[in-house]
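Down below is the structure, laid out as structure tokens.
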2 protein chains.
Amino acid sequence: MIYTEKRTEQELRKNGFKITPQRRAVIDAIAGSHEHLTPAAIYNRVRREHPSIGLVTVYRTIEVLAGLGLICETHAGGSCRSYLMRRPSEHHHHLICSDCGKVVDFTNCDLDDLESRLVKETRFKINGHLLEFLGQCLECSKIKGR
Amino acid sequence: MIYTEKRTEQELRKNGFKITPQRRAVIDAIAGSHEHLTPAAIYNRVRREHPSIGLVTVYRTIEVLAGLGLICETHAGGSCRSYLMRRPSEHHHHLICSDCGKVVDFTNCDLDDLESRLVKETRFKINGHLLEFLGQCLECSKIKGR
DNA sequence: AGCCAAATGAAAACGATTTTCAATTAGTAA
DNA sequence: TTACTAATTGAAAATCGTTTTCATTTGGCT
Ligand SMILES: [Mn+2]
Ligand SMILES: [Mn+2]
Ligand SMILES: [Zn+2]
Ligand SMILES: [Zn+2]
């Protein structure tokens, strides 16, 4: 936790961004949760300790962190995105309920063969991938099933 | 193509929805494209043949079709959703260059085993998936490499 | 201590989506 | 066919999330 925050600040500095109290607060909020947080949820958490921060600053900080690949973005149903601190060991993906938004993590994605095939065919250098399954959780399919 | 439209109308009728010229037009627009279309893109296609339709009607029709599972929703970067007629085998994915934005399509994603494992473990009903590889195309890695 | 580009916050602008409401229409029953 | 009615439609307004603008402040450097 502490380590993640430190590493994130280092990375910001290394890329020429300034360390401000507001950015620290946003980083702490995201790193302090193992849940995916929407921009509004991050804003609410940050405001507890830092009531004067603007929602704009949250959006701007998210943009910087995502640009550096320090947080990862998830798209749930509707038009709603959320963010999670990217931790080195935690490569994982999501199974998302389009109805209620429930998110289930999974880790074994087994995309290595596909990746090397794509590298050979396209000569791209591949840095990562985004994989999400969309559907309905058990509860929601029960409700709809009737 | 014709078949898809017919089947979609049947399904609407079966669930007590009325068949209107506007709904026909929206269905034709989505079924007539093998690309993912945003609500606005659907609206533009529909207007060519049906200039008086309202964007609201497009949204409402999308909602109905998605509710019945006849179209599937994709979330691309930012806050942008798009829709594709659900056809038993036609989908594709993207390999995206983070530097210049070039997009390469590919189709064999081979996720069936993973999908059935997830269905078994989570009891989700899975409607679709989003898979994107991110990296650098040959040209951009040359530029950066120097 | 002083400089300056980067960062901030308030407010306005923006684009996408939803709600409201009065008028129209598809499907059905007489 | 005609009449009925609940569903559907479109225009406009409202709402929501996000971005832009701009004047002010501040972190990092000399
Ligand atoms: Mn997760
Ligand atoms: Mn494509
Ligand atoms: Zn659910
Ligand atoms: Zn490129």
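Residue numbering restarts at 1 for every chain, and letters A, B, ... go by the order of the sequence lines. What you see is a predicted model, and the numbers here were worked out from it, not measured in a lab.
- By the 4.5 Å heavy-atom criterion applied to side chains, A/L37 and A/L84 are not counted as neighbours.
- The interatomic distance linking B/I19 (CD1) with D/dA6 (C1') rounds to 16 Å, in whole Å.
- Side-chain N/O atoms of B/T20 include none lying less than 4.0 angstrom from OP1 or OP2 on D/dA7.
- We find that CG of A/L12 is positioned 15 Å from P of C/dA6, with the value rounded to whole Å.
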For side-chain hydrogen bond (donor to acceptor under 3.5 Å, both in side chains), just list the numbers for B/R45 and B/Y43, CA-CA rounded to whole Å, side-chain angles, deciding distance to a tenth of an Å, and then say yes or no.
-> CA-CA 6 Å; B/R45 287 184 164 237; B/Y43 179 54; over 6 Å; no
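- What separates NE2 of A/H50 from P of C/dT8 is a distance of 9 Å, to the nearest Å.
- Residues A/D105 and A/H94 have side chains that bring a donor and an acceptor to within less than 3.5 angstrom of each other.
- Separating the CG atom of B/L55 from the C1' atom of D/dT9 is a distance of 13 Å, rounded to the nearest angstrom.
- Partners of A/E49 according to the side-chain hydrogen bond (donor to acceptor under 3.5 Å, both in side chains) rule, which considers only residues two or more places apart in sequence or in another chain, do not exist here.
- Among the heavy atoms of the strands lying under 4.0 Å from A/S52 are primed sugar atoms or P, OP1, OP2 only; no base atom is included.
- Few gaps surround CG on A/N15; more than 12 heavy atoms of other groups in view lie less than 6.0 Å from it.
- B/E9 places its CD atom 13 Å from the P atom of C/dA26, with the value rounded to the nearest Å.
- In the set C/dG9, D/dG27, C/dG27, the nucleotide with an atom closest to the side chain of A/V56 is C/dG9.
- Side-chain contact check for A/F106 versus B/L114: some heavy-atom pair is nearer than 4.5 Å.
- For the segment residues 57-65 of chain B, the set of residues with a heavy atom within less than 4.0 Å of an atom of DNA chain D comprises B/T57, B/R60, in numerical order.
- Distances shorter than 4.0 Å separate some side-chain N or O of A/R81 from OP1 or OP2 on D/dT18.
- Put simply, NZ on A/K18 is 15 Å from P on C/dC3, counting in whole angstrom units.
- The CZ-P distance, from A/F17 to C/dA7, rounds to 6 Å in whole Å.
- Counting to the nearest Å, the C1' atom of D/dG10 and the CD atom of B/Q22 are 9 Å from each other.
- Checked against B/I30 for a side-chain contact (heavy atoms from CB on, under 4.5 Å), the options B/I27, B/V26, B/D28 give a single hit: B/V26.
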